[in-house]
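Quick note on labels: first sequence line is chain A, next is B, and so on, each numbered from 1.
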Amino acid sequence: MVITWPYSDSFISKPDPKMRLSRFFLPILRETPKEAEIVSHRLMLRAGMIRQESAGIYAWLPLGLKVLNKINAIIREEQNRAGAIELLMPVIQSADLWRESGRYDDYGKEMLRIKDRHERDMLFGPTNEEMITEIFRAYVRSYKDLPLNLYHIQWKFRDEVRPRFGVMRSREFLMKDAYSFDLDAEGARHSYYKMFTAYLRTFARMGLKAIPMRADTGPIGGNLSHEFIILASTGESEVFCHKDFLALDAPAENIDFESRAAMQGVFDTWTSKYAATSEMHDASAYEAMPESDRVSARGIEVGHIFNFGTKYSEPMKAVVNGPDGKDVTVQMGSYGIGPSRLVAALIEANHDEAGIIWPDAVAPFIFAIANLKVGDAATDAACEKLYGEFTKAGFDVLYDDRDDRPGAKFATMDLIGVPVQIIVGPKALADGKVEVKHRRTGERELLSLEEVVNKFAAKKG
RNA sequence: CGGGGCAUAGCGCAGUCUGGUAGCGCAUCUGCUUUGGGAGCAGAGGGUCGCAAGUUCGAAUCUUGCUGCCCCGACCA
């Protein structure tokens with residue numbers, strides 16, 4: 001019997017690599033809306049990535065969504081690699097669940113509380129420790145099912161007093177939150193180190209240098225916690241660290257997440273020297289380092305991990321049978337990354353006067369083809385040829401087929417940050433060449449169509 | 001939550017003080033020209049001036065109330 005794959009290739013290929021700008025929805029703005037203060041907010045609005053619908057609440061337009069999805073894809077790969085398992089919990093939660101942990105009263109006005117038609121107290125989830133603990137305790141009975149790490153990527157709502165900086169500090173935001181369950185403290189540390197390692201890899205893959213810094217646990221609770229901070233001049237908080245962290249490479253793809261020694265090694269390497277946010281800053285320890293080793297900079301928090309023991313499992317009775325048949329309250333940790341904030345953070349770290357400079361890994365389109373003279377038989381044909389080849393190779397490629405002037409096309413490609421811009425104009429094409437411009441370096445090269453295809457489009461196959 | 005400010009076309013703004021036909025730039029649409037760094041000319045469309053009361057012959061403009069949004073500070077993925 002032959003079982004045929006029930007989906008067409010085009011259906012499963014996500015995201016859609018084919019895009020003609022004349023047909024795409026890319027509402028770019030020439031002028032900056034006055035409310036946007038920081039560069040990422042300005043550029044996201046100008047590049048048509050987001051639209052504000054309310055204070056701190058944004059609609060994600062197609063270009064913004066493409067970036068968000070790429071970030072999510074990287075996060076998923078690294079979470080899965082580290083052994084976490086994806087599920088999806090609802091955004092609306094019951095107040096009763098939060099009364100069990102005691103956080104219904106503790107969380108304050110930051111939690112958006114709502115009533116359903118039966119006058120039941122509900123809430124829009126600001127985080128999911130309670131819910132995941134409820135799910136865990138409903139099914140897991142044995143220590144043999146541990147360790148377990150479950151995560152989801154879901155919208156959160158925190159009714160910030162003052163939302164600002166676009167999606168950097170919004171009320172509704174996307175969060176990847178993972179929750180680990182272990183039999184004992186030692187296992188919980190291993191789980192913590194696994195996520196620690198996964199986070200280093202996740203941010204590195206996006207071209208970000210994220211430095212783990214000892215952090216306050218805040219309302220989540222616990223005793224072991226790190227914030228992952230990326231350095232950006234427009235960052236919200238001041239951070240201090242040893243300069244060696246800037247040169248450290250993230251753990252390799254083939255690192256063994258199950259090896260406690262390997263995980264401990266990663267953790268030790270990345271925590272061996274001084275690194276702290278201003279809240280946790282110890283000026284005397286910092287100044288004990290030679291001045292040439294000190295780095296003081298602005299930082300953006302893009303991830304935060306916690307080991308909080310039995311803070312939730314105890315009151316919510318998440319217990320398993322141990323090897324000796326006795327109940328053991330499980331050890332938990334939670335691990336958060338804000339993909340929506342990451343979009344803004346990536347822009348803060350990657351831009352110039354002309355616009356965004358996407359790292360390849362998260363670029364909404366890696367390639368753009370600019371037809372400088374739409375309607376010209378030669379440029380039209382060359383563009384269609386390239387567009388077809390890149391599409392066939394499975395790349396995200398944007399074809400600017402608008403009947404517009406070259407300057408407008410250059411400005412658009414630079415604004416939306418396309419890493420590799422293939423410029424097809426009548427002059428170079430008369431010699432059979434097109435120009436390839438690299439957004440980040442500004443480097444340009446003249447190549448024939450075949451060379452372009454061989455150099456770029458043939459790679460992925 | 002304290003302090004400050006804003007609300008007029010899709011975006012950026014003028015007009016408000018001193019009440020009297022709602023304007024400018026960009027964007028959009030049409031036509032012609034133009035085509036390697038956000039083109040030029042000509043024409044066109046688009047606004048219950050945030051909402052509601054009040055004062056007045058007459059309110060974008062004055063008064064009161066409300067709503068929304070932004071900025072600064074304290075708090076946060």
Open item on the list: Under a 3.5 Å threshold, yes or no: a donor from one side chain and an acceptor from the other, between A:Y335 and A:S180?
Closed with: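 Short answer, yes.
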TODO: Answer yes if the side chains of A:D106 and A:Y104 hold a donor-acceptor pair under 3.5 Å, and no otherwise.
DONE: no
Open item on the list: Go nucleotide by nucleotide along RNA chain B from the 5' end; which of A:E37 and A:S340 gets its closest nucleotide reached first?
Closed with: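 Its nearest nucleotide lies further toward 5', so the answer is A:E37.
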Open item on the list: I want to confirm an ordering. Mapping A:K437 and A:G56 to their closest nucleotides on RNA chain B, which one lands closer to the 5' end?
Closed with: A:K437
TODO: Indicate, yes or no, whether a donor-acceptor pair under 3.5 Å links the base of B:G37 to the side chain of A:R444.
DONE: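 Pair found.
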Task: Donor/acceptor link under 3.5 angstrom from A:D404 side chain onto base of B:G38 - done: no
In Watson-Crick or G-U wobble terms, both distances under 3.5 Å, what is the partner of [N]?
N     : result
B:G50 : B:C66
B:G10 : B:C26
B:C1  : B:G73
B:G31 : B:C41
B:U56 : none

Out of [options], which has the shortest distance to the side chain of [X]?
X      : options             : answer
A:R405 : B:C75, B:C11, B:A39 : B:A39
A:P33  : B:C75, B:U35, B:G12 : B:G12
A:A411 : B:G38, B:U35, B:G36 : B:G38
A:I423 : B:G38, B:G36, B:A39 : B:G36

Tell me the interatomic distance from [X], atom [atom1], to [N], atom [atom2], rounded to whole angstroms.
X      : N     : atom1 : atom2 : result
A:R162 : B:C71 : CZ    : C1'   : 6 Å
A:D400 : B:G37 : CG    : P     : 15 Å
A:E353 : B:G37 : CD    : P     : 18 Å
A:H41  : B:C69 : NE2   : P     : 13 Å
A:R439 : B:G37 : CZ    : C1'   : 12 Å

Open item on the list: Between the side chains of A:D121 and A:R99, is the shortest nitrogen-to-carboxylate-oxygen separation below 4.0 Å, so that they form an ion pair?
Closed with: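 A salt bridge links A:R99 with A:D121.
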TODO: In plain terms, say whether A:R76 and A:E86 are close enough for a salt bridge, that is, a side-chain N and a carboxylate O under 4.0 Å apart.
DONE: yes
Tell me, please, which residues at least two apart from [X] pass side-chain hydrogen bond (donor to acceptor under 3.5 Å, both in side chains).
X      : result
A:T32  : none
A:N350 : A:R440
A:Q79  : A:K176
A:T310 : none

[X] near the nucleic acid: base, sugar-phosphate alone, or nothing, with a heavy-atom cut-off under 4.0 Å?
X      : value
A:S170 : base
A:A428 : base
A:K109 : sugar-phosphate
A:G425 : base
A:D376 : nothing
A:R46  : base

TODO: Sort and list the pairs that fulfil side-chain hydrogen bond (donor to acceptor under 3.5 Å, both in side chains) and have at least one residue in residues 352-364 of chain A, not counting sequence neighbours.
DONE: A:D352-A:R439
Task: Pairwise P distance for B:C24 and B:A14, with rounding to whole Å - done: 16 Å
TODO: Could you work out the separation of B:C6 and B:A44 based on their P atoms and round it to a whole Å?
DONE: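 Rounded to whole Å, the distance is 36 Å.
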- [ ] Return no unless some side-chain N or O of A:Q52 is found under 4.0 Å from OP1 or OP2 of B:C70.
- [x]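 For A:Q52, the contact criterion (side-chain N or O under 4.0 Å from OP1 or OP2 of B:C70) is met.
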Task: Distance test, side-chain N/O of A:T412 to OP1/OP2 of B:G38, below 4.0 Å - done: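 For A:T412, the contact criterion (side-chain N or O under 4.0 Å from OP1 or OP2 of B:G38) is not met.
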Atom pairs under 3.5 Å, N or O on each side, protein against nucleotides 13-16 of chain B: can you list them with distances?
none

Open item on the list: For a quick check, with a 4.0 angstrom heavy-atom cut-off, what is the B/S/- contact string for nucleotides 25-31 of chain B, read 5' to 3'?
Closed with: BSS----
Open item on the list: Going by the rule ring pair (Phe, Tyr, Trp, His ring centres under 6.0 Å), which residues pair with A:F267 if we only count those two or more places apart in sequence or in a different chain?
Closed with: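 Ring pair (Phe, Tyr, Trp, His ring centres under 6.0 Å) check on A:F267 returns A:Y193, A:F196, A:H226.
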Task: With sequence neighbours excluded, residues passing salt bridge (Lys or Arg N to Asp or Glu O under 4.0 Å) with A:E238 - done: none
